[in-house]
*Asks:* 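Handing you this structure, nothing more for now.
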Amino acid sequence: MQERYEPATIEAEAQKYWEERGCFAATEDRSREKYYCLSMFPYPSGRCHMGHVRNYTIGDVLARFMRMQGRNVLQPMGWDAFGLPAENAAIANGMPPAKWTDDNIATMRRQLKSLGLAIDWRREIATCRPDYYRWNQWLFLRMLERGIAYRKTGVVNWDPVDRTVLANEQVIDGRGWRTGALVEKREIPMYYLAITRYAEPLLEALAQLPGWPERVRTMQANWIGRSEGVNVGFPYEIGETRGVLRVFTTRADTLMGVTFCAVAAEHPLAALAAKDDPALAAFVAECQRGPAIEAELATQEKKGMPTGFSVRHPLSGEAIPVWVGNYVLMSYGEGAVMGVPAHDERDFEFAKKYGLPIRRVIDVDGRPYSTQAWESWYADHGRCVDSGRYDGMPTAAAVAAIAADLARAGLGELRTIWRLRDWGISRQRYWGCPIPIIQCADCGPVPVPDSDLPVLLPEELVPDGSGNPLAKHEAFLACRCPRCGAPARRETDTMDTFVDSSWYFLRYACNDTAASMVDARVDYWLPVDQYIGGIEHAILHLLYSRFWTRVMHDLGLVSFQEPFTNLFTQGMVLNEVFYRKPASGRIEYFNPTDVEIRIDPDDKRRIATLRSDGGEVISGGVVTMSKSKNNGVDPQALVEEYGADTARLFTMFAAPPEQTLEWSDEGVQGAYRFLKRVWKAVYDHVDAGPVAPLERASLEETQRAIRRLSHHTLAKVGDDIGRRRTFNTAIAAVMELMNALGRFEPRGAQDRAVLHEGLEIAVLCLSPIVPHLAHALWRELGHDTAIVDERWPAVDAAALEQSTVEIVVQVNGKLRGRVAVPSGADADAVRAAALADPAVRRFVGDGAIRKVVVVPGKLVNVVV
RNA sequence: GCCCCGGUGGCGAAAUCGGUAGACGCAACGGACUUAAAAUCCGUUGACCGCAAGGUCGUGCCGGUUCGAGUCCGGCCCGGGGCACCA
């Protein structure tokens with residue numbers, strides 16, 4: 001056996017072994033229990049980053065572990081290959097997005113392969129290939145037939161200089177990223193998918209997903225946002241026009257406290273009022289220019305302006321002024337709200353600002369109410385006061401009574417509304433899946449017939465930033481109307497890339513079929529047994545995938561409704577970000593590897609300087625690794641210097657996988673050192689010659705102690721990987737075992753036998769995490785078989801047995817002593833032993849013992 | 001602003017069901033080996049008091065429940081993720 005640990009050699013050998021034997025080729029086998037282990041596929045951005053390493057190592061550890069449990073494991077990989085960065089790269093270097101994407105896929109495939117992942121590469125897919133995206137188009141047409149896909153207008157960011165639609169990411173402080181022009185909002189026709197039709201089942205089914213993290217289910221439930229409330233009508237007569245202003249409220253019990261109504265800038269009443277009021281028209285225009293992003297909308301200053309119109313209170317008949325408010329969302333509810341300043345914080349703020357009356361109508365436990373300043377309990381539930389016949393009613397009763405009265409007057413009814421909005425999938429971009437529609441002057445938008453699919457995306461175009469190049473590409477545009485045969489134009493919008501990622505996990509099961517979107521193999525492999533990906537996908541991607549799967553289920557294409565049985569959300573990988581901001585011009589970011597940190601001896605201040613010029617740079621804190629912040633760490637350098645096993649071990653050990661991982665260069669060294677120690681331990685053991693069979697029945701106590709620890713570690717690692725998914729503690733346990741084996745100096749044959757067993761257990765435990773090292777060491781330990789085909793060993797329960805256990809003794813909850821008692825001793829014996837302990841007696845003193853709490857096998861607490 | 005998550009030594013973290021706070025690792029310091037360095041190995045390391053035995057304090061802050069709270073409850077502060085066209 002080679003004395004030195006040389007990762008480059010053993011990793012190449014192990015990977016060659018797996019590759020030549022097709023170890024990870026997965027085939028359908030009804031006689032075996034399948035395990036579909038899926039990591040979110042990467043966007044081929046150029047090179048792998050540490051987030052990928054973390055994601056795919058977690059998946060690989062589970063895939064390899066489940067394989068050792070005897071499961072028929074499928075672990076596939078593919079590319080989320082359409083998207084904006086490819087177009088940005090094209091603008092920057094004049095290369096077609098297809099070429100850039102293909103190059104990136106080749107690079108990243110090579111990088112992923114160097115990590116030694118147990119992937120069935122025969123099943124690889126890329127969403128930019130026609131044999132994949134044609135099925136996006138095909139299913140879109142099925143949705144169109146059923147009205148699940150439909151056309152309506154939507155709002156986009158418009159750069160007036162480049163005459164192009166911008167993504168939210170391309171809007172910086174309200175200006176276009178390239179031109180700096182003030183971005184405008186524009187209404188254009190788009191295609192939507194009616195995910196709201198599935199709001200209820202998507203919400204209800206969350207309860208049937210026990211394998212999902214609670215926090216993700218909570219986030220999705222909040223996102224879908226079911227609200228039970230009352231739709232209230234405020235009738236009005238404005239000039240000749242008679243109508244009813246409709247608002248939705250979950251707090252109909254506060255209806256008697258309404259002192260104003262507010263409508264969104266896009267609301268018809270706002271438009272009507274603005275017609276004859278230039279100041280209001282200007283305000284409406286200002287609101288419409290304002291931010292399109294909810295986060296910005298919610299943090300902007302709340303502003304309003306009166307329309308001059310009044311509506312009638314549906315119960316009291318009182319005149320209620322109508323305002324336009326920049327905080328009212330047209331997309332939620334009715335695009336109008338009733339203002340109850342006394343019991344809604346936002347309305348309170350608005351009323352204070354504009355001098356509107358505040359009328360208190362809810363009493364909470366008789367607490368004194370003041371209109372001076374808002375208190376959070378003002379919004380609590382209570383009983384109606386100053387509300388006429390509703391006085392004294394608690395919330396539920398008041399809501400029911402008011403809803404009934406409104407219904408009688410024809411001005412309201414109980415209603416359920418959802419926060420969830422339909423999914424707009426049209427993108428005015430080139431590098432995406434073409435929407436299979438033809439625009440005919442006479443027939444309007446006409447679906448492309450199935451026989452003409454796929455609508456191929458031309459791959460040689462180079463966008464220049466001035467809009468979608470498809471719109472200037474005659475060969476793509478020119479076509480005939482499938483309905484009337486007249487010359488027509490092809491739709492140039494492409495689909496949101498979330499469409500691509502909403503069903504890719506199905507295609508892995510049958511990526512070789514050209515005849516259909518999916519086939520029967522899907523029902524063997526799916527649903528995914530374990531899905532692993534970043535927490536940043538907790539809502540959108542996962543909800544869209546759940547929706548898409550349900551649509552496919554309802555079309556009879558798949559037999560299941562939920563695609564992912566178990567979900568694991570890994571934390572983000574963070575790193576410090578360094579930058580300089582020149583007096584004029586764009587912020588420049590510097591990679592942390594180019595920055596040196598030292599501590600100023602005088603004021604203990606951290607000083608960061610750029611290695612290249614010695615000048616100071618500013619630290620922007622610790623944030624997600626990203627290209628735009630230039631704070632990524634290149635895993636390839638790590639693999640080249642230390643090997644894939646060190647990279648894998650470090651990312652699994654440095655933090656629990658669900659939490660954020662803060663990058664540090666130190667610690668990689670530690671991981672490497674540990675692997676060298678494991679290698680050395682096996683080397684020393686093998687070097688000492690052959691090993692006699694273990695004689696379990698006649699071992700000495702020191703030998704039994706080693707066996708106890710070995711099997712305890714085996715049990716713990718199995719539990720940590722298989723149930724808890726805490727790979728960091730599994731590794732720590734193996735480290736402890738290795739430390740103990742290292743201290744153990746074998747003197748006789750049985751010492752060596754016990755050590756041999758311990759080393760085998762350590763190598764088996766590590767094999768899902770550092771498979772190359774384990775592959776090599778397993779052979780050195782005398783096996784002809786490959787460790788990748790080994791089963792996870794059973795724990796020897798007899799080895800775990802212990803004659804005595806240590807019991808901790810507390811006095812008044814403070815640790816005061818320890819006593820050893822026979823394992824299995826009853827409570828009275830433990831209590832007696834604890835009270836007899838000298839240290840305990842000293843602390844108990846002469847005081848009377850009030851109580852003794854005995855926790856069997858653990859602890860005694862004496863209360864005096 | 002809203003929704004979700006987190007905060008424990010110099011640092012990453014552990015404590016799985018309310019029961020020994022700091023396992024494991026990094027860094028630092030001391031020592032061994034070496035002509036020297038690297039590598040490796042051994043030891044020390046939460047704070048404070050004490051010669052020591054030992055004691056007191058300590059899990060972001062304030063309060064509560066409990067024999068016992070890092071863990072449960074209420075209120076706050078700070079950090080991260082998401083907010084629908086980044087993926």
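Throughout, protein chains are lettered first and strands after them, A, B, ... in sequence-line order, and every chain is numbered starting at 1. Heavy atoms only: backbone and side chains are in, while hydrogens, waters and symmetry mates are out.
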*Asks:* What's the closest nucleotide to the side chain of A/R842 if the choices are B/rA87, B/rG55, B/rC24?
*Replies:*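 Output: B/rG55.
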*Asks:* Confirm from the modelled atom types if A/R818 and B/rU20 form a donor-acceptor pair under 3.5 Å, side chain to base only.
*Replies:*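 Side chain to base: pair found, below 3.5 Å.
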*Asks:* What is the nucleic acid contact for A/R743, judged by heavy atoms within less than 4.0 Å: base, sugar-phosphate only, or nothing?
*Replies:*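 Result for A/R743 = nothing.
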*Asks:* Test the A/R4-A/W679 pair against the cation-pi criterion, namely NZ or CZ under 6.0 angstrom from the six-membered ring centroid and within 45° of the ring axis.
*Replies:* no
*Asks:* How is A/T299 classified with respect to the nucleic acid when contacts are heavy atoms under 4.0 Å: base, sugar-phosphate, or nothing?
*Replies:*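 It contacts base atoms.
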*Asks:* Given the P atoms of B/rC67 and B/rG75, what is the spacing between them in whole Å?
*Replies:*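 Result for the P pair: 24 Å, nearest Å.
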*Asks:* So what does A/T624 touch, heavy atoms closer than 4.0 Å: a base, only the sugar-phosphate, or nothing?
*Replies:*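 It contacts sugar-phosphate atoms only.
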*Asks:* Please classify the nucleic acid contact of A/R215 as base, sugar-phosphate, or nothing, using heavy-atom distances under 4.0 Å.
*Replies:* sugar-phosphate
*Asks:* What's A/N728 touching, base or sugar-phosphate or nothing? Going by heavy atoms closer than 4.0 Å.
*Replies:*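 Touches sugar-phosphate only.
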*Asks:* Categorize A/W223 for me: base, sugar-phosphate, or nothing, with a 4.0 angstrom heavy-atom threshold over every strand shown.
*Replies:* base
*Asks:* Select from A/M219 and A/D422 the residue whose nearest nucleotide in RNA chain B is closer to the 5' end of that strand.
*Replies:*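 Residue closer to the 5' terminus by nearest nucleotide: A/M219.
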*Asks:* If we take the P atom in both B/rG7 and B/rG25, what is their distance in whole Å?
*Replies:*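 Each nucleotide's P atom is 23 Å from the other's.
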*Asks:* Could you walk me through whether A/R215 and A/T569 satisfy the side chain to side chain contact (heavy atoms under 4.5 Å, CB included) test, starting with their C-alpha distance in whole Å, then the side-chain angles of each, then the deciding distance to 0.1 Å, before giving a yes or no?
*Replies:* CA-CA 10 Å; A/R215 63 168 158 162; A/T569 49; 3.7 Å; yes
*Asks:* When the C1' atoms of B/rG22 and B/rC5 are compared, how many Å lie between them, rounded to an integer?
*Replies:*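 The same atom, C1', in both gives a distance of 23 Å.
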*Asks:* How is A/H537 classified with respect to the nucleic acid when contacts are heavy atoms under 4.0 Å: base, sugar-phosphate, or nothing?
*Replies:*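 The residue A/H537 makes base contact.
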*Asks:* Mind checking if A/L84 touches a base, just sugar-phosphate, or nothing, with heavy atoms under 4.0 Å?
*Replies:* sugar-phosphate
*Asks:* Quick one: which of B/rA13, B/rC67, B/rG81 gets closest to the side chain of A/P656?
*Replies:*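 Given the options B/rA13, B/rC67, B/rG81, the side chain of A/P656 is closest to B/rA13.
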*Asks:* Looking at every strand, decide which applies to A/K302 at a 4.0 Å heavy-atom threshold: base, sugar-phosphate, or nothing.
*Replies:*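 A/K302: no heavy atom of the nucleic acid under 4.0 Å.
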*Asks:* Does a side-chain heavy-atom distance below 4.5 Å link A/I417 with A/S227?
*Replies:*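 With C-beta onward as the side chain, the pair touches.
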*Asks:* How about A/K680: does its NZ atom have over 12 heavy atoms from other parts shown lying under 6.0 Å from it?
*Replies:* no
*Asks:* Measure from the side chain of A/R419, starting at C-beta and using heavy atoms only, and say which of B/rA13, B/rC85, B/rA84 lies closest.
*Replies:* B/rA84
*Asks:* Please determine, for the side chain of A/R421, which listed nucleotide (B/rA21, B/rC24, B/rA84) has the closest atom?
*Replies:*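 For A/R421, the side-chain atoms sit closest to B/rA84.
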*Asks:* Has the side chain of A/Q810 got a donor or acceptor that lies under 3.5 Å from a partner of the other kind on the base of B/rC67?
*Replies:* no
*Asks:* Using the P atom on both, measure B/rG60 against B/rG9 and round to a whole Å.
*Replies:* 8 Å
*Asks:* Give the C-alpha distance, both sets of side-chain angles, the deciding distance and a yes or no for ring pair (Phe, Tyr, Trp, His ring centres under 6.0 Å) between A/Y642 and A/F650.
*Replies:* CA-CA 11 Å; A/Y642 298 102; A/F650 172 72; 9.9 Å; no
*Asks:* If you check every side-chain atom of A/T729, which of B/rA14, B/rG25, B/rC85 has the closest atom?
*Replies:* B/rA14
*Asks:* Indicate whether the side chain of A/W212 and that of A/Y531 have a donor and an acceptor atom separated by less than 3.5 Å.
*Replies:*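 Absent: no donor and acceptor within the cut-off.
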*Asks:* Using the C1' atoms only, state how far B/rU44 lies from B/rA27, rounded to an integer number of Å.
*Replies:*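 After rounding to an integer number of Å, I get 14 Å for this pair.
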*Asks:* Pick base, sugar-phosphate or nothing for A/Y327, based on heavy-atom distances below 4.0 Å to the nucleic acid.
*Replies:* nothing
*Asks:* Quick check on B/rG63: syn or anti? Syn means the glycosidic torsion is within 90 degrees of zero.
*Replies:* anti
*Asks:* Can you find a pair of side-chain heavy atoms, one from A/I532 and one from A/L38, that are under 4.5 Å apart?
*Replies:*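 Of all side-chain heavy-atom pairs linking A/L38 with A/I532, none is under 4.5 Å.
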*Asks:* Applying a 4.0 Å non-hydrogen cut-off, can you work out what A/F653 is touching in the nucleic acid: base, sugar-phosphate, or nothing?
*Replies:*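 The residue A/F653 makes base contact.
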*Asks:* Given A/Q428 and A/D493, is the side chain to side chain donor-acceptor pair (under 3.5 Å) satisfied, shown in steps?
*Replies:* CA-CA 5 Å; A/Q428 297 69 44; A/D493 280 2; 3.3 Å; yes
*Asks:* Where each residue is assigned the nucleotide of RNA chain B containing its nearest heavy atom, which of A/R724 and A/V855 is assigned the position nearer the 5′ end?
*Replies:* A/R724
*Asks:* Which part of the nucleic acid, if any, lies within reach of A/A538 when heavy atoms closer than 4.0 Å are counted: base, sugar-phosphate only, or nothing?
*Replies:* nothing
*Asks:* Taking the side chain as everything from C-beta on, heavy atoms only, tell me whether A/Q810 gets closer than 4.5 Å to A/V853.
*Replies:* no
*Asks:* Would you measure the distance from the P atom in B/rC77 across to the matching atom in B/rC48 and give it in whole Å?
*Replies:* 32 Å
*Asks:* Apply the syn/anti split at 90° from 0 to B/rC17 and say which one it is.
*Replies:*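 Here B/rC17 takes the syn form, which means its glycosidic angle is within 90° of 0.
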*Asks:* Kindly express the pairing pattern of RNA chain B in dot-bracket notation, using | wherever a base pairs with another strand and counting only Watson-Crick or G-U pairs under 3.5 Å.
*Replies:* (((((((..(((......[....))).(((((.......))))).((((....))))..(((((..]....))))))))))))....
*Asks:* Using a distance-only criterion (donor-acceptor N/O pair, under 3.5 Å, no hydrogens), is the base of B/rC85 paired with the side chain of A/R429?
*Replies:*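 Yes, the side chain and the base share a sub-3.5 Å donor-acceptor pair.
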*Asks:* Determine, for A/Y192 and A/K152, whether the Lys NZ or Arg CZ falls below 6.0 Å from the six-membered ring centre while staying within 45 degrees of the axis.
*Replies:* yes
*Asks:* Looking at the base of B/rC85, is there any donor atom on it, or on the side chain of A/N168, that sits under 3.5 Å from an acceptor on the other one?
*Replies:* no
*Asks:* Going by heavy atoms in the side chains, are A/E349 and A/K302 under 4.5 Å from each other?
*Replies:* yes
*Asks:* From the list B/rC86, B/rU40, B/rG12, which nucleotide is the closest neighbour of the side chain of A/A167?
*Replies:* B/rC86
*Asks:* For a quick check of understanding: with a heavy-atom distance under 4.0 Å over all strands, which category does A/R677 fall into, base, sugar-phosphate or nothing?
*Replies:* sugar-phosphate
*Asks:* Can you identify which nucleotide, out of B/rC85, B/rA27, B/rC83, has its nearest atom closest to the A/A295 side chain?
*Replies:*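 Between B/rC85, B/rA27, B/rC83, the one nearest the side chain of A/A295 would be B/rC83.
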*Asks:* Under 4.0 Å, counting only non-hydrogen atoms across every strand here, what does A/V171 touch: a base, just sugar-phosphate, or nothing?
*Replies:* nothing
*Asks:* Sticking with atom C1', work out how far B/rG12 lies from B/rG18, rounded to a whole angstrom.
*Replies:* 27 Å
*Asks:* Among B/rG25, B/rU20, B/rA87, which is the nearest nucleotide to the side chain of A/M735?
*Replies:* B/rG25
*Asks:* Roughly how many Å apart are B/rC72 and B/rA14, using the P atom of each and rounding to a whole number?
*Replies:* 15 Å
*Asks:* What about A/K814, does its side chain sit under 3.5 Å from the base of B/rU20 through a donor-acceptor pair?
*Replies:* no
*Asks:* Looking only at the side chain of A/V165 (C-beta and beyond, no hydrogens), which of the listed nucleotides B/rC85, B/rG1, B/rC24 gets closest?
*Replies:* B/rC85
